[in-house]
Amino acid sequence: MQEASSKRVGAAALLLAASVFLSRILGYAREALLAYRVGAGPDADAYYAAFQIPDLLNYLLAGGALSIAFLPLYTRRRTTQAAAGSADELLAVVLGTLTGIAVAATAALWWWAPELIDIQFPNFDAPTRALTTRLTRIVLPAQIFFVAGGIVNATLLSHGRFGAAAAAPLLYNGGIIVGGLLLAPLLANPVEGFSWGAMIGAILGPFLAPLIDARGRVRLAARFSPTHRDFLGYLWLAAPLMIGQTLLTVDEWYERWFGGLLEPGTIAHLSYARRLMLVPVAVVGQAIAAAALPAMSRMWADGKNRDLDKLVQQTLQTGVVLAILAASIFFLFAEELVAVIYRRGAFTSEDAVAVSAILAILSLAVPGWITQQIITRAFYARSDTWRPMILGTLFALGAIPLYVFLGNRYGAIGLAAAPAIAMSANALATLVMARIMHGAPDLAALASTGARTLIIAVAAIATVQVVPDSIAALPRAIARATLFATVLGLGTWTIGDTIVRDAVRQPLSAILRRLGTSSGR
């Protein structure tokens, strides 16, 4: 049974990882287009800062974690025969009430946007603050569609349907690209086209995709009832996600707030680098965590605690291997990645140097980031959202002096180093708490797998750094990539354990099978 669940998680993770990978490719195009049309100056700062208030609203409504709060509760109702009928009532009450609150909050924040922008970004000059306010008002209503669609999508995940979750980010990023291509040239300020594209993408992807997939499968209804016991029960699970402040979310806020106190363009440089760093975080961490949560929730609902512990262990070890390898790639090839994605148009060579340096440091946060995403699901599957959120909030608040000190001392590089330090410490503390409370994961086995992978990655990086830039007349980037992959492969199959080898072999085998299938058509 546990093996079958692992296979289902693996299949779902591959689907979501493919979706995230394609979405990140679209994200590359989106960010490259933004860099080409806007560059990394005050207008780009205004664009990224415009998402601060909408992101805060989404977070306070647990919009970014609806599957975490709603899915275990809904799954338990749906799989328990005595409570099966009440699952539809739970959906109707939560969908109607939370969407109603989102509409009211959006209207209030839209009205007070100028004052809130002035408070958050006091160092922006008047034109930049005015532009930030306008862009904020464009993208703010998108949160209504994120929240409503997120609830519907959580029900689909409970039914084992991952298609809408896979399609949503593709449509969202596609909307932004279309806005940048078609609307930006028609508007007085090109950056407004990207904001309108984000609004359109939010409607098409996070909202319409799950709504269409749910037709005929989920009984959809909406009822505004904030005092209903079902909504209050949901609120109890969601409250720590609403009021807690984990580094997974507030790191971006800190970079905007503290970056806004530095020279113009700092927010844009940090944001461009952060978008690239989040590629492995999303492709590995987000995909694995999202795929594992429904299976973990079912095991907990069925009382299969040992199977749950085994699944957590296996998922963590695989995630750690892939996280360390991904971090090493982004650390070593930061310069090449930035050049390929951004270096054109209004994005200058000075911008490329600054973003490359930031990306290399930010990549060190990837293992902690991915580990935290996965281990918190072991708590959420047990309907325990309070403990990891309290711990995460303590780390998020405790990290503020770190961001302030490193930002003041080292500028943008310091603001990149802060999350690498804080996130790693937060992930380690959460692992220890899970071990104490649940008896899993096995930290010694996890550390062994992580240490082996780290040795392999460091050896590959060191080899590339000490060998001349060209090998057999190959271009520098190709030579470095070839040498890195060779050393990585040799290390994996010599000192890597079974987990390390499987984590590398299985995704490659799946890709080769798909390529073979495609070529045979």
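Residue numbers start at 1 and run along the sequence shown. Note that the structure is predicted; figures quoted are calculated from it, not measured.
In this structure, Q313 CD and D442 CG are separated by 5.0 Å, a value rounded to the nearest 0.5 Å. Considering CD1 of I177 and CG of L26, their distance stands at 4.5 Å, rounded to 0.5 Å. Between the OH atom in Y254 and the CG atom in L402 there is a gap of 10.5 Å [rounded to 0.5 Å]. Considering CG of L316 and CG of L431, their distance stands at 6.0 Å, rounded to 0.5 Å. Atom CD of E31 is separated from atom CG of L276 by 8.0 Å, given to the nearest 0.5 angstrom.
In this structure, F194 and Y47 have perpendicular ring planes: the angle between them is above 60°, well past the 30° mark. Note: F347 and Y342 have tilted aromatic rings, judged against thresholds of 30 and 60 degrees for the angle between ring planes.
Using a 4.5 Å cut-off on side-chain heavy atoms (C-beta onward), L322 and I370 make no contact. Residues L362 and E255 have side chains in contact (heavy-atom distance under 4.5 Å, counting atoms from C-beta outward). Residues W257 and Q52 form a side-chain contact, since some pair of their non-hydrogen atoms from C-beta on lies under 4.5 Å apart. The shortest side-chain heavy-atom distance between L204 and Y172 does not fall under the 4.5 Å cut-off. Residues P210 and I212 fail the side-chain proximity criterion, which asks for heavy atoms closer than 4.5 Å. Between E335 and V338, the closest side-chain pair of non-hydrogen atoms is not below 4.5 Å. The side-chain heavy atoms of F379 and M389, taken from C-beta on, include no pair separated by under 4.5 Å. T453 has its side chain out of reach of S328: every pair of non-hydrogen atoms, C-beta onward, lies at least 4.5 Å apart.
Applying the ring pair (Phe, Tyr, Trp, His ring centres under 6.0 Å) rule to F207 yields the partners F145; only residues at least two apart in sequence or on another chain are considered. With sequence neighbours left out, R382 forms a salt bridge (Lys or Arg N to Asp or Glu O under 4.0 Å) with D309.
Between Y74 and Y234, the ring center distance fails the sub-6.0 Å criterion.
For residues 351-368, there are no salt bridge (Lys or Arg N to Asp or Glu O under 4.0 Å) pairs, not counting sequence neighbours.
Atom CZ of R435 has more than 12 heavy atoms from other residues, nucleotides or ligands within 6.0 Å.
Between D302 and R298 there is no salt bridge, since none of the side-chain N atoms of the basic residue sits less than 4.0 Å from a carboxylate O of the acidic one.
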